[in-house]
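Whatever order the structure lists them in is the order used to number ligands and atoms, beginning at 1. All values below were derived from every heavy atom in this structure, side-chain atoms included, with hydrogens, water molecules and symmetry-related copies excluded. Along the sequence shown, residues carry numbers from 1. In this text, all values refer to a predicted model and were calculated from it rather than measured experimentally.
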Amino acid sequence: MRVDVVTIFPDYLAPLGLSLVGKARQAGLLDIRIHDLRDWAEDRHRTVDDTPAGGGPGMVMRPDVWGAALDAVLADDGAPAVLLVPTPAGEQFSQRLAHDLAATLEAGSRLVVACGRYEGIDSRVAEHYASVPGVAVREVSIGDYVLGGGEVAALVVIEAVARLLPGVIGNAESLVEESHGLAGLLEGPVYTRPLAWRGLEVPAVLRSGDHARIARWRRGRALDRTVERRPDMLGRLGPGQLDRADRAVLAQHGLLVTPEGLRPLRIRPAGPDDAAALAEVAAATFALACPPGTEPADIEAFVRDHLSPEAFAVHLADPGCAILLAEPGTTWSGDLAGSAGTTASDGGDGTGSSGPALGYTLARIPLHPDDAPGDPDVDAVVPQRPVAELSKCYVRSEHHGSGLADALLAAAHADLAGRTVDGVPLAAVWLGTNRGNRRARRFYARAGYRVVGARRFRVGAVLHHDVVMVRPLGTVDAAGR
Ligand code: JCH
């Protein structure tokens, strides 16, 4: 495959003799030829520039010299050519364009790069070659910063394209991973030996040998980075490209995947003004947790008696009760270009809220460090002290699978892990969940809960069977954090 570069500084392209591109040339995979523009200048001083038409600072490169050079280089054979002209005013170079150019080269086209200097090349040069049959002109910028000329941009484009050509990269697996595995996301962190270096360890999951867990962890870290550094890229991910675990990671960054795109999410401790909102979301979610066959009348009665605004007002005033509320945010701290509906107009601190609550957690904190859970079945199987009870973790059904519940639960664990009872940090959190609710059991298991026993209790005529699950506080969650 043939690449020609025209420049007034041929030595600037010397790096093309090194490394990957140099090896590809030596292997005969790439035929790169560097030409000195001044070879086509006509005068004794080999002049290639002149003053700008209309006045102004600096110099502009002459179209006649460029025309002579490019005619000669393009005339070498009859193959179609891409004439690539680096300029700060060009279309943005991208991996997509690199793939595009590599495919064009593979299909038999040549690449000719015209490196300008000074204030650039007389614009008629690009205009003229755009109308020459068999020549496609691409004016390309490699980024929003100003270089002194096109040579560095030529190096960038040629290296990015060359490594995509067949046979240039020995380990083609890397390319496959690049284009599929982490498509649309930034690459996550990478590590090698030694396992401990200057007090920093290689994350334990990478030494686990559990390939599914490793892949999951890597994707989570790639998502973390993309959220933190390139939130604009998230707008291009369709909901179909984000699985349940991805959604949980995003929710932990305050981003909710909805059919309409990414929306800001806010999780905060509930306050005295939230009794009505809590009662509303509790009433909307309570039935989801009831075993099949529960009488609608019993559900209604329970909601009326225990999930009223008055009942929540009592909970909110109770120091032994910790309630977190998830709600739509009005702002998100990042820039989600391409994902409509998010703004940062109030300073982007994510403090605004709008719309009804999406879910909530309610935990019970013991008053004394050695208080037992109370229920004799539970006391026997939960030995940790002090221990909190996660009494409620409900999310509206339309947000099941959105990662919202994972984020809410992670926030509850973080809240509980930061609490002390008479100066003693909470050791663990326990919960009871219906024996037959496999979705709930899997959800809590993913969040680090383990089944330790069972409990039974009667509601009216119905005998309920719960499993009792415990999670230590201060350990990692399903995302490995
Ligand atoms: C170039 C220049 C016009 C400076 C001359 C030729 C490409 N991404 C990217 N940044 N800079 C370039 C580039 C490419 C070719 C040439 N210059 C210097 C030209 C300017 O107008 C503001 C400024 C810069």
So for atom CZ, which belongs to Phe93, do other residues, nucleotides or ligands contribute more than 12 heavy atoms lying within a distance under 6.0 Å?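 For Phe93, atom CZ is crowded (more than 12 foreign heavy atoms under 6.0 Å).
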
Selection from Gly143, Pro88, Ala154 by shortest heavy-atom distance to atom 8 (N) of ligand 1: Gly143

Would you call Arg396-Glu280 a salt bridge at under 4.0 Å N-O? yes

Electrostatic pair Arg216-Asp246, nearest N-O below 4.0 angstrom: yes

Residue and atom name of the nearest protein heavy atom (relative to [atom]), distance in Å to one decimal:
atom                    : value
atom 1 (C) of ligand 1  : Gly149 CA, 3.7 Å
atom 11 (N) of ligand 1 : Leu147 N, 3.0 Å
atom 4 (C) of ligand 1  : Val146 CG1, 3.3 Å
atom 15 (C) of ligand 1 : Pro86 O, 3.2 Å
atom 10 (N) of ligand 1 : Tyr145 O, 2.7 Å

Side-chain donor-acceptor pair under 3.5 Å between Asn437 and Tyr444, yes or no? no

Is it the case that the side chains of Asp43 and Thr47 hold a donor-acceptor pair, with the cut-off being a distance below 3.5 Å and no angle test?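 Judged by distance alone, the side chains do pair up.
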
Please list, one pair per line, the donor and acceptor atoms closer than 3.5 Å that link side chains of residues 401-409 to other protein atoms, with sequence neighbours excluded.
| unit_1 | atom_1 | unit_2 | atom_2 | d |
| --- | --- | --- | --- | --- |
| Ser402 | OG | His399 | O | 2.6 |
| Ser402 | OG | Leu404 | N | 3.1 |
| Asp406 | OD1 | Arg244 | NH1 | 3.1 |
| Asp406 | OD2 | Arg244 | NH1 | 3.0 |

Side-chain donor-acceptor pairs under 3.5 Å in residues 136-155, sequence neighbours left out?
| unit_1 | atom_1 | unit_2 | atom_2 | d |
| --- | --- | --- | --- | --- |
| Arg138 | NE | Glu91 | OE2 | 2.8 |
| Arg138 | NH2 | Glu91 | OE1 | 3.4 |
| Arg138 | NH2 | Glu91 | OE2 | 3.3 |
| Ser141 | OG | Gly143 | N | 3.1 |
| Ser141 | OG | Gly143 | O | 3.1 |
| Tyr145 | OH | Ile142 | O | 3.0 |
| Glu151 | OE1 | Arg117 | NE | 2.9 |
| Glu151 | OE1 | Arg117 | NH2 | 2.8 |
| Glu151 | OE2 | Thr7 | OG1 | 2.7 |

Can you name the atoms of ligand 1, numbered from 1 with element, that are less than 4.0 Å from a heavy atom of [X]?
X      : answer
Gly116 : 6 (C)
Gly148 : 5 (C), 17 (N), 18 (C)
Tyr118 : 2 (C), 5 (C), 17 (N), 18 (C), 19 (C)

Answer side chain, backbone, both or neither: which part of Ile142 comes under 4.0 Å from ligand 1, heavy atoms only. both

